[in-house]
Student: 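Got a structure for you, written out below as structure tokens; questions coming shortly.
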Amino acid sequence: MTKFSDLDLDPKVLKAIAEAGYESPTPIQAGAIPHALQGKDVLGIAQTGTGKTASFTLPMITRLAKGRARARMPRSLVLCPTRELAAQVAENFDTYTKHMKLTKALLIGGVSFKEQEQLIDRGVDVLIATPGRLLDHFERGKLLLTGVQIMVVDEADRMLDMGFIPDIERIFSLTPFTRQTLFFSATMAPEIERITNTFLSNPERIEVARQATTGENIQQQVVMYKASRKDREGSEKRRILRQIIDMEGDSLTNAIVFCNRKTDVDVTAKSLKKYGYDAAPIHGDLDQSQRTRTLDGFRDGSLKILVASDVAARGLDVPSVSHVFNFDVPSHSEDYVHRIGRTGRAGRNGKAVMICVPRDEKNLADIEKLVEKEIPRLELPGVKSPAPAAAAPAAAPEDEAPKPARSRSRTRSRKPKEETTEAAAPEAQAEAPAEVKDAKAEEKPKAAERKPREPRKSESKPKAKAEEPARDNQRDNARDSQRDQGNKPSRGNNNARGGKRGGGNDNKVVGMGDHMPSFIALSFDQRRAS
DNA sequence: AAAAAAC
């Protein structure tokens with residue numbers, strides 16, 4: 001099957017598809033649509049840019065074409081992690097239902113309840129929502145989910161990152177178990193696997209190759225930079241950012257600048273504006289109307305540079321961005337792939353440039369491991385890159401004083417002081433060689449951070465925190481498992497029972513200990529193989 | 001250490 005017309009979609013849907021200019025389904029669409037049309041559960045492993053959204057909207061519309069909604073009882077439900085994503089899905093429905101009379105409501109936070117309520121009251125075929133607002137409506141008694149025939153969970157792994165999984169489970173439990181479930185995730189973290197085992201029944205598993213971890217059509221570069229003084233890091237990075245932007249000249253048609261923190265998004269956007277760049281911020285603390293306005297402007301080309309937090313890293317459909325700038329190195333390496341995936345879409349060429357300060361070098365190494373290549377260093381005129389940090393800072397012994405005098409004296413002799421204000425604490429700042437500084441900087445956090453992870457005495461991996469189901473653990477767990485690719489059993493399910501409380505039985509094998517039955521790793525192996 | 005999502 002290579003054409004949409006070969007799929008058993010409603011003729012009115014096919015018409016809308018043709019009018020939107022599409023002829024052939026993407027792999028995820030070709031894989032998912034036939035099963036979804038038959039009413040089967042679908043587990044789609046795919047990321048954005050693969051045509052995922054239409055792979056559930058098209059069959060849903062077709063199946064909902066018959067029948068009508070009753071008041072307060074939506075017939076279908078789509079859950080998304082962010083408001084923008086939900087809005088995007090809603091647009092997608094509009095596009096493909098334009099020849100039909102299906103009704104929909106978009107339930108997201110940041111906007112008034114009233115309109116949403118009125119729509120629900122009248123009865124909707126499709127409800128598109130973020131979990132918080134959906135549950136809010138439910139608790140107010142305005143909504144019944146017992147009529148849901150089709151439920152979609154989009155970007156489940158992101159929901160996991162955001163701590164939404166309990167909400168999702170609750171929402172699942174409010175819908176009839178006879179519903180059809182279409183479930184999408186970019187990765188299959190153990191927690192996601194657990195959810196799908198619980199709530200999907202005999203799903204068709206459709207997996208599309210992740211877009212080449214980072215497409216070859218994206219040119220990547222990183223600027224290694226060490227601030228002249230710590231308190232100048234921000235302003236100096238912004239100067240470098242301008243320098244990078246200027247270098248791109250006319251090849252830069254539009255760009256996203258990613259920062260790790262919301263405050264840096266604001267500061268950076270303001271700074272760019274001050275220097276005459278056409279830039280605007282977007283992050284979760286801005287009000288919804290501004291978020292929408294900014295994003296619309298960016299889409300229609302009236303805004304050139306979008307300065308964003310990770311709210312924009314995944315899922316947002318911004319057709320073609322010529323450049324992505326990582327003002328900060330993302331601390332979760334998966335995010336790097338998502339961020340730069342905003343450029344070089346649909347086979348176009350894109351460029352992604354990142355600024356890396358010494359503190360972020362470990363994260364950079366993680367990223368390079370993930371994308372399986374070294375990101376070329378970009379030397380900027382007038383910007384000297386710092387000496388490469390010690391190869392493995394993590395290996396630095398924690399209790400030995402990081403060596404010393406030798407490096408310092410070297411420093412001193414090499415670099416005459418420029419910063420008069422530094423006089424008070426000469427060694428601490430200034431141009432200390434990266435090795436020494438790093439070792440120092442890492443000292444404290446490392447000690448605190450590493451202890452719990454370090455295997456004690458025996459090789460078995462004690463799960464010190466096994467018993468607490470806290471959200472943070474879930475997250476750590478998800479991250480670890482992504483990194484380790486399933487080398488250890490998922491804590492939540494398997495180990496907790498082993499019950500290692502406090503110390504005492506450190507030598508005991510906990511839960512499944514080191515041995516992991518091969519079937520548990522299977523899905524990951526499959527993924528790796530592809 | 002932070003981001004996102006409900007009021």
Student: Salt bridge (charged side-chain N to carboxylate O under 4.0 Å, His left out) with A:Asp264: which residues, sequence neighbours excluded?
Tutor: A:Arg261

Student: Checking side-chain polar atoms at under 3.5 Å, does A:Ser228 have a donor or acceptor matched by the opposite partner on A:Glu236?
Tutor: yes

Student: Go through B:dA4, B:dA5, B:dA6 for me and flag the one nearest to the A:Ser309 side chain.
Tutor: B:dA4

Student: Out of B:dA6, B:dA2, B:dA5, which has the shortest distance to the side chain of A:Met162?
Tutor: B:dA5

Student: Taking salt bridge (charged side-chain N to carboxylate O under 4.0 Å, His left out) as the test, write out the residues that go with A:Arg179, two or more places apart.
Tutor: none

Student: List the atom pairs, donor and acceptor, that lie under 3.5 Å between side-chain atoms in residues 322-330 of chain A and the rest of the protein, sequence neighbours left out.
Tutor:
from, atom 1, to, atom 2, distance (Å)
A:Ser322, OG, A:Thr253, N, 2.9
A:Ser322, OG, A:Thr253, OG1, 3.4
A:Ser322, OG, A:Asn254, N, 3.4
A:Ser322, OG, A:Asn254, O, 3.0
A:His323, NE2, A:Glu248, OE1, 2.9
A:Asn326, OD1, A:Arg339, NH1, 2.8
A:Asp328, OD1, A:Lys237, NZ, 2.7
A:Asp328, OD2, A:Asn260, N, 2.8

Student: I'd like a table of donor-acceptor pairs (distance under 3.5 Å, sequence neighbours excluded) in which one partner is a side-chain atom from residues 120-127 of chain A, with atom names and distances.
Tutor:
from, atom 1, to, atom 2, distance (Å)
A:Asp121, OD1, A:Arg72, NE, 2.8
A:Asp125, OD1, A:Arg75, NH1, 2.7
A:Asp125, OD2, A:Thr103, N, 2.8
A:Asp125, OD2, A:Thr103, OG1, 3.2

Student: Please identify each residue that fulfils ring-ring contact (aromatic ring centres under 6.0 Å, His included) with A:Phe184, with sequence neighbours left out.
Tutor: A:Phe56

Student: Remember a base hit wins even if backbone is also touched, and classify A:Asp310 as base, sugar-phosphate or nothing at under 4.0 Å, heavy atoms.
Tutor: nothing

Student: Give me the residues of residues 111-120 of chain A where at least one heavy atom lies under 4.0 Å from an atom of DNA chain B, by number, or none.
Tutor: A:Phe113

Student: Can you tell me whether the side chain of A:Ser331 and the base of B:dA1 have a donor-acceptor pair closer than 3.5 Å?
Tutor: yes

Student: Choosing from B:dA1, B:dA6, B:dA4, which nucleotide comes nearest the side chain of A:Arg291?
Tutor: B:dA4

